[in-house]
Amino acid sequence: MYSKKFLNFFFLLLLIISFTSCSIKKNKYQFFKKGPIKVALVLSGPVNDSSWNEQAYSGLKRFQANYMSMIAVVDKVNLDEAQEVFHGLAKRKFNLVIANGYEYELVLKKAARLFPKTFFCVIGGEVGKEPNLCSFNFKDEQYGYLIGVAAGLNTSTNKVGIVVGKKLPSIERTIIGMRKGLKSVNPKADLVVSYINTYNDITKGREAGIAQINTGVDVITHLADISGVGVIKAAEELDISAIGAITDEHDLAPSTVLTSGIEDVSQLAYLVSEYYFEHILEPRIYSFGLRHQVIDLTPSYGNIEPTTEAKINRIKGHLTDLETAYEKQLEERGKKR
């Protein structure tokens, strides 16, 4: 038999735990605002770069068109001035501040502590911290898997290549996925990886592409931004196939680019804003893929044989179904807690 004194202590402890949990939950959502919200986007490069930064801004503008909101963009923000920019936006009462680039992580960790009523989010980051810091990412391994499938079904030499700007965790995840996708449809195929340590040198990209092609690579792709233009030009010059990266690169070499892998940063910028508006944004690391139209493959524009393209699309559909089923399982587990 438990003593009355012990039972009283036990119920008091439950009351304290319950009160603490409610307090934490209330504090967690203190920065959400009803009605119109203010969202700011911080970019490392120019807003009109026809790439990563312009896409993010287009996603924010699409959000503004669909929801009541005020938006602002600050571009060309280097790390030396990032702290001043983020602090200034928080002081101007922006509800949500989105940083487009993993390089802002450390600055945002400090800003989030100083301004707990502003929610900060890093696109491409690896941080999430209570109560007001999150990251929105691509499912890099899924992206790589799709590219690997497309390459594996279109290689004749069984040698596929990828030219990479720098060695980063997200890129390494993509390469792991690419190897898996490649082997899943073509067990004999090998992946050749080259690191060129730059994202802004077309000549270096071209040279790395030519070097791979000379070893027998007949399908090549890249994760090298501007340098990747050189990779695709090398494929065009030496008459092999290429797979575009991140955006639709068909126009760079219309008869050379089989398809392009898509990582849609505009959709990530839209989703983080929408999650905030709907009061479901949490301080954690998110990853999005096919299900949320963040990752995809473009059509082949006739450069892939129809039955092969149909097979790629079936695999893509299967991956989407698996992702949907897995996320529904997680949702159900969350409801039972």
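Here the closest heavy-atom approach between residue Gln142 and residue Leu290 is recorded as OE1-N, 2.8 Å. Shown here for Glu282 and Cys134, the closest heavy-atom pair between the two residues is O-CB, 3.3 Å.
A cation-pi arrangement, defined by a distance under 6.0 Å to the six-membered ring centre and an angle within 45 degrees of its axis, is present between Lys167 and Tyr195. For the pair Arg113 and Phe115, the cation-pi criterion (under 6.0 Å, within 45° of the ring axis) is not fulfilled.
Here the side chains of Leu191 and Ile162 are in contact, with some heavy-atom distance below 4.5 Å.
Atom CG of Asn303 is separated from atom CD1 of Ile243 by 11.5 Å, given to the nearest 0.5 angstrom. Note: Leu281 CG to Tyr275 OH = 9.0 Å, rounded to the nearest 0.5 Å.
Taking the six-membered ring for Trp and the full ring otherwise, Tyr104 and Phe120 have centroids separated by 6.0 Å or more. Checked against the 6.0 Å centroid threshold, Phe288 and Phe136 count as a close aromatic pair.
With hydrogens and angles left out, the side-chain atoms of Asp264 and Ser266 include a donor and acceptor closer than 3.5 Å. Donor-acceptor pairing under 3.5 Å is recorded for the side chains of Tyr301 and Asp248. Residues His318 and Glu323 bring no donor and acceptor atom of their side chains to less than 3.5 Å of each other.
Looking at Asp190 and Lys183, a side-chain N of the basic residue comes within less than 4.0 Å of a carboxylate O on the acidic one, giving a salt bridge. Between Glu126 and Arg173 there is a salt bridge, with a side-chain nitrogen of the basic residue lying less than 4.0 Å from a carboxylate oxygen of the acidic one.
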*How far apart are the C-alpha atoms of Asn53 and Asp75, what are their side-chain angles, what is the distance that settles it, and do they pass the side-chain hydrogen bond (donor to acceptor under 3.5 Å, both in side chains) test?*
CA-CA 8 Å; Asn53 293 301; Asp75 67 349; over 6 Å; no
*asked:* Is there a salt bridge (charged side-chain N to carboxylate O under 4.0 Å, His left out) between Lys204 and Glu207? Walk through the geometry before answering.
replied: CA-CA 5 Å; Lys204 275 195 174 182; Glu207 290 171 351; over 6 Å; no
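Tyr102 and Leu79 are not part of a single hydrophobic cluster, where members link through side-chain heavy atoms under 4.5 Å apart. Under a hydrophobic clustering in which Ile, Leu, Val, Met, Phe, Trp and Tyr are joined whenever their side-chain heavy atoms come within less than 4.5 Å, directly or via other members, Ile213 and Val219 fall into different clusters.
Applying side chain to side chain contact (heavy atoms under 4.5 Å, CB included) to Ile285 and the options Leu133, Asn137, Val127 leaves one that passes, Asn137. Considering Leu96, Ile71, Leu60 as possible partners of Leu41, the one that fulfils the side chain to side chain contact (heavy atoms under 4.5 Å, CB included) test is Leu60.
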